Structures are given as C-alpha cells and as structure tokens.
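Below: one structure, written as structure tokens.
The structure displayed is predicted, hence computed values, not measured ones.
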Amino acid sequence: MEKKVNKKYYIGFLLVLLLAYLIVLSQSKGDFKVMLDAAELLRNGKNIYNVSLGDNVGLYYYSPLFALLLIPFTYVPYFIPNLLWLLASAFWVYRIWKLIQKDLDLTGFSNKQINQLIILSFLCTIRFILYNFGLIQLTVFMLWAILESLHLFEKNKNIHGSLLLALAINFKLLPIVILPYLFYRKNFQPLFLTLFFMAVYLFLPALFISKTTNSFLLYEWWGAINPAQDGFKFETDWSVHSLNALVPTLLMITEGELNLKRNILNLSPVLVNQISLAVRLLFIVFTIYFLGIKNNRPISKIQKSWEVAYLTLVIPLIFPHQHKHAFYMLFPAIVYLLYFLIFTYNNKYNVIGKVKWNIVLCLLIGSFILMTLTTDGVIGRYYNNITQHYKTVTYGAIFVAIALALSKPKYLVVNNKKDPRTVD
C-alpha cells in the first residue's frame with residue numbers, strides 16, 4: 001500500500017513539473033505564433049500565404065480550415081492557445097505510447113523490462129519531442145492522428161477514424177501516406193470515407209469566408225506546398241533534413257551556412273533532381289518489403305506495428321521541407337526496435353541469431369548518436385552546426401530504416417515456436 005502511495009506522489013510531482021514546464025514554454029511565441037498570425041489575417045479577410053508571419057519567423061503552410069479553426073484564439077493572449085496546444089500535445093505523447101503498447105502486447109514483459117522499454121524509447125527520441133514542444137509544432141498531433149485513426153478502424157469505428165485522419169491530412173498532408181496503405185490492406189470503407197471527409201474539409205471554410213475566398217486560398221495553399229516547385233528541389237540549408245536535402249548535398253556543389261565541402265560528385269542540377277526523386281521513390285516502393293506481396297490475409301498486431309513503423313518513419317524522409325521536429329515520426333520504429341531487441345535477447349536470440357541481433361543494435365546505437373547526441377545541448381552549438389551541415393539526422397533515420405528491415409516479426413519466437421502475435 002505504501003509503495004502505491006509513493007508512486008502516486010511521484011507521478012503527481014512529475015505532472016506538476018510538466019505543467020510548470022509547459023507554462024514556461026507557452027510564454028514563447030514558437031511556430032504556433034505563425035499559425036495564429038495566419039488566423040488573424042484570415043479574420044481580417046487577407047491572404048495568409050506567401051506572407052512572413054510570427055514576427056518574420058516563417059511562412060504559413062497549413063490549410064485554410066486550420067487557420068479558420070484558430071480564429072477564436074486570436075482574441076486572447078497568444079500564451080493561452082499555446083498552453084492549450086502544449087497540454088494537448090502532452091496527452092497525445094502519452095496516448096501515442098499507449099497505442100503502440102497495445103499493438104506490441106507487453107504481457108510477457110516484466111515490469112523492469114517495460115520500464116526499460118519506456119525509458120529507452122523516450123531517450124532515443126527526446127530531442128525531437130523537445131523540439132516539438134519548444135517550437136509548439138504539429139508533428140505530435142500528426143503521429144497521434146495516424147495511430148488513433150488506425151486504432152479506430154480496427155474497432156470498426158470507421159466514421160470516427162476517417163474524420164480524424166482526414167482532418168490531419170487537411171491540416172498538413174503528411175498523413176496521406178496512410179491512404180495507399182488502407183487501399184493495399186483492402187480497408188476500402190475507411191479509405192473512401194476518409195477521401196469523402198477530405199473533400200468536405202476542403203470546402204467547409206466556404207460556409208464562413210465565401211466560396212470565392214476559399215477557392216483563392218486553396219489555390220495559394222497548393223502553390224505554397226506543391227512539392228514540384230523550384231524552392232523544394234534543392235533544400236540545402238542546415239535547418240532542413242530529409243532525402244530531398246541530403247541527396248543534392250552529396251551529388252552537386254551547394255551553398256551551405258558553413259564553408260565545408262560535402263559533395264562527393266558534381267553532377268548537373270537536372271540529373272541530381274532526377275536522382276533525388278528516384279531515391280525517394282525507392283523508399284516508397286520499399287514499403288512493399290514490409291507489407292508483403294500477399295495482401296489477402298489478416299495480419300497480427302505485431303505485423304501491423306512493424307508496417308506502420310516504416311510508414312511513419314518514411315514520412316520525414318520522402319517529403320520536402322522537413323525539419324528536425326518531423327523526425328518524431330520515427331517514434332513507433334524506435335519502440336518496435338527496442339521491443340524486438342529486448343524480446344529476442346530474453347529468448348537467446350532465437351531465429352535471428354546473435355550476429356544479426358548485434359547489427360540491429362549497432363544501427364540503433366548509431367542512429368541515436370547521429371540524431372540525438374548531435375544536439376547542441378550535448379556537443380555545443382559549433383559542432384551541432386557541423387552535424388546539421390552534413391545532415392546527420394537524415395543518416396540516422398536511414399540507419400533506423402535498415403534496422404527495421406532486418407527486424408522482421410517472424411524472428412519473434414518463443415522456445416522455437418512462433419509467437420502467436422506474429423504471422424508467416
């Protein structure tokens with residue numbers, strides 16, 4: 001009894017510290033100020049795109065509907081919506097963990113092993129969690145919406161799941177990768193419902209800001225986010241991390257903030273652009289490796305966890321204009337890999353073998369070094385700038401993708417028998 005009481009006090013103390021931390025963060029403007037400024041412009045009947053907002057911090061890349069929904073919060077001091085969004089984000093981080101835990105099924109793990117899994121999972125992604133909170137960004141919401149909608153589809157709550165997934169896609173296109181996944185898995189009702197609600201969300205603002213204004217804003221929005229535009233072809237500054245940013249720096253001479261050579265070839269911009277598109281397409285096609293050729297049979301929760309981990313991992317790699325906060329999308333992959341390593345280690349490596357197990361472990365450690373230990377809080381601003389110049393975060397994500405590919409669910413066995421949570 002005393003142990004439970006102490007645990008409650010400990011959790012309560014941590015929640016108080018978290019609240020204090022979020023209150024402090026809410027006083028800063030962050031990227032959410034850009035969104036609130038866009039909402040204020042919309043309230044005043046002005047164009048919200050291609051305008052420097054948030055005290056010249058950046059541009060608004062989200063949907064007209066998102067700006068419309070934020071209009072009520074433009075009448076109160078900015079720290080109030082900031083705090084509300086941060087509180088919601090804290091809940092979403094907790095909910096993301098719970099949703100992943102449901103799929104992995106930790107019933108065979110001891111309390112010590114579960115604690116190890118939790119601590120290591122958050123430690124490996126703490127940099128990106130802190131970026132999302134510090135900048136007051138949307139990535140946490142995006143990942144939660146993906147996992148929550150899939151969970152709702154499993155429970156046959158297709159309308160609820162589609163409403164949520166379509167809303168996330170409307171706010172920011174990143175979760176659109178789930179639509180081909182639904183098609184491939186023959187989840188046609190959730191797919192068509194999501195497409196329907198996506199159309200509804202696009203035209204919903206017309207009820208409040210007129211059809212003409214909404215059409216104009218949709219046109220401007222597409223102009224801002226169109227991946228084919230010249231501004232997204234070669235993103236070579238150090239704040240952008242993705243394949244779209246990495247490949248050009250390797251294959252052609254590019255200007256960076258640091259006067260340090262980073263290209264190994266000097267190809268023409270046209271050829272580099274084609275190679276960059278091909279590399280991103282390769283990561284997209286590689287999804288078939290995780291989904292398998294046969295898609296006419298039910299899959300287990302652990303198989304689904306492995307598949308979704310790759311789908312969310314690939315988002316910050318293939319989409320242009322991705323910053324460090326977007327790499328929180330790797331959280332499901334990190335959790336899966338740690339689960340995989342602990343499970344197979346406890347069962348004497350089983351089918352995977354010690355050599356391959358060590359390779360997966362080294363890849364995960366390498367990704368942690370490249371993505372998390374390169375933060376300026378650990379190595380200082382000067383060396384952090386160098387790592388950003390060379391896009392080490394992107395390399396770390398590639399390491400995670402390779403480790404994930406090696407960690408097939410079929411290797412999860414107990415006493416040389418397949419774990420019932422896995423499939424052939």
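- Salt-bridge annotation for R43 and E40: present, with a side-chain N of the basic residue lying under 4.0 Å from a carboxylate O of the acidic one.
- Under 3.5 Å, the side chains of S242 and N244 contain no donor-acceptor pair of N or O atoms.
- With a 4.5 Å cut-off on side-chain heavy atoms, K211 and F203 do not count as touching.
- For K46, the NZ atom sits in a loose shell: 12 or fewer heavy atoms of surrounding residues, nucleotides or ligands are nearer than 6.0 Å.
- Side-chain atoms of S407 do not come within 3.5 Å of backbone N or O of L337 as any donor-acceptor pair.
- Taking the side chain as every heavy atom from C-beta outward, I288 and I293 approach each other to under 4.5 Å.
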(Q) Applying side chain to side chain contact (heavy atoms under 4.5 Å, CB included) to L167 and M198, what does each step give before you reach the verdict? (A) CA-CA 7 Å; L167 187 66; M198 284 172 61; over 6 Å; no
(Q) Working note: F331 + F122, criterion ring-ring contact (aromatic ring centres under 6.0 Å, His included); need CA distance, chi angles, decisive distance, verdict. (A) CA-CA 8 Å; F331 186 73; F122 282 92; 5.2 Å; yes
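- Nearest heavy-atom pair across Y336 and K408 is OH-C, 3.7 Å.
- Between I386 and T392, every side-chain heavy-atom pair lies at or beyond the 4.5 Å cut-off.
- Environment of NZ in K304: crowded, with over 12 heavy atoms of neighbouring residues, nucleotides or ligands closer than 6.0 Å.
- For the ring pair (Phe, Tyr, Trp, His ring centres under 6.0 Å) criterion with Y345, the lone passing option out of W357, F109, Y339 is W357.
- Judged by distance alone, with hydrogens and angles left aside, the side-chain atoms of N115 form a donor-acceptor pair with the main-chain N or O of N111 at under 3.5 Å.
- T374 and R127 share a donor-acceptor pair across their side chains, judged by distance under 3.5 Å alone.
- Centroid-to-centroid, the aromatic rings of Y219 and F216 stay 6.0 Å apart or farther.
- Between the side chains of E220 and N47, a donor-acceptor pair is found at a separation under 3.5 Å.
- Within the 4.5 Å cutoff, the side chain of L165 has heavy atoms near those of the I178 side chain.
- A ring-centre distance under 6.0 Å is found for H321 and Y61.
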Q: Take L218 and S215, measure what side chain to side chain contact (heavy atoms under 4.5 Å, CB included) needs, and give me the verdict at the end.
A: CA-CA 5 Å; L218 289 175; S215 298; 5.6 Å; no
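- Among residue pairs with one or both ends in residues 365-400, none qualify as ring-ring contact (aromatic ring centres under 6.0 Å, His included); sequence neighbours excluded.
- Heavy atoms of other residues, nucleotides or ligands lying less than 6.0 angstrom from CZ of F196 number 12 at most.
- Defined by atom type and a distance below 3.5 Å, a donor-acceptor pair is present between the side-chain atoms of T139 and H325.
- Across A166 and T194, no two heavy atoms sit closer than the pair CB-O, 3.6 Å.
- Between Y94 and F91, the ring planes are tilted. Angles from 30° to 60° get that label.
- Remark: E154 does not engage K301 in a salt bridge, criterion side-chain N to carboxylate O under 4.0 Å.
- Using the six-membered ring where Trp is involved, F340 and Y411 have ring planes that are perpendicular, over 60° apart on the 30 and 60° scheme.
- Expressed to the nearest 0.5 Å, how far NE2 of H151 lies from NE2 of H160 amounts to 12.5 Å.
- The CG atom of L191 sits 9.0 Å away from the CZ atom of F153 when rounded to the nearest 0.5 Å.
- Note that the CD1 atom of I129 and the CZ atom of F327 stand 15.0 Å from one another [nearest 0.5 Å].
- Around the CG atom of N266, the shell of radius 6.0 Å holds more than 12 heavy atoms that belong to other residues, nucleotides or ligands.
- Within a 6.0 Å sphere centred on CD1 of I159, other residues, nucleotides and ligands contribute 12 heavy atoms or fewer.
- Closest heavy-atom contact between F128 and M371: CZ-CB, 3.7 Å.
- Judged by distance alone, with hydrogens and angles left aside, the side-chain atoms of D37 form a donor-acceptor pair with the main-chain N or O of G54 at under 3.5 Å.
- In this structure, the ring pair (Phe, Tyr, Trp, His ring centres under 6.0 Å) partners of W144, at least two apart in sequence or on a different chain, are W92, F141.
- A tilted orientation is assigned to the rings of F133 and Y21, their planes being inclined by 30° to 60°.
- When only modelled atom types and interatomic distance are considered, S210 and T213 share a side-chain donor-acceptor pair under 3.5 Å.
- Of all heavy-atom pairs between L217 and P64, the closest is CB-CG, 3.8 Å.
- Residue-environment remark: CZ (F73) stays at or below the threshold of 12 foreign heavy atoms within 6.0 Å.
- Among all heavy-atom pairs drawn from A397 and L317, the shortest one is CB-CD2, 3.8 Å.
- The ring pair (Phe, Tyr, Trp, His ring centres under 6.0 Å) test applied to F66 returns Y62, F171, not counting sequence neighbours.
- Side-chain contact, Q189 with N158: a donor N or O sits under 3.5 Å from an acceptor N or O.
- The closest side-chain heavy-atom distance from Y181 to T287 is not below 4.5 Å.
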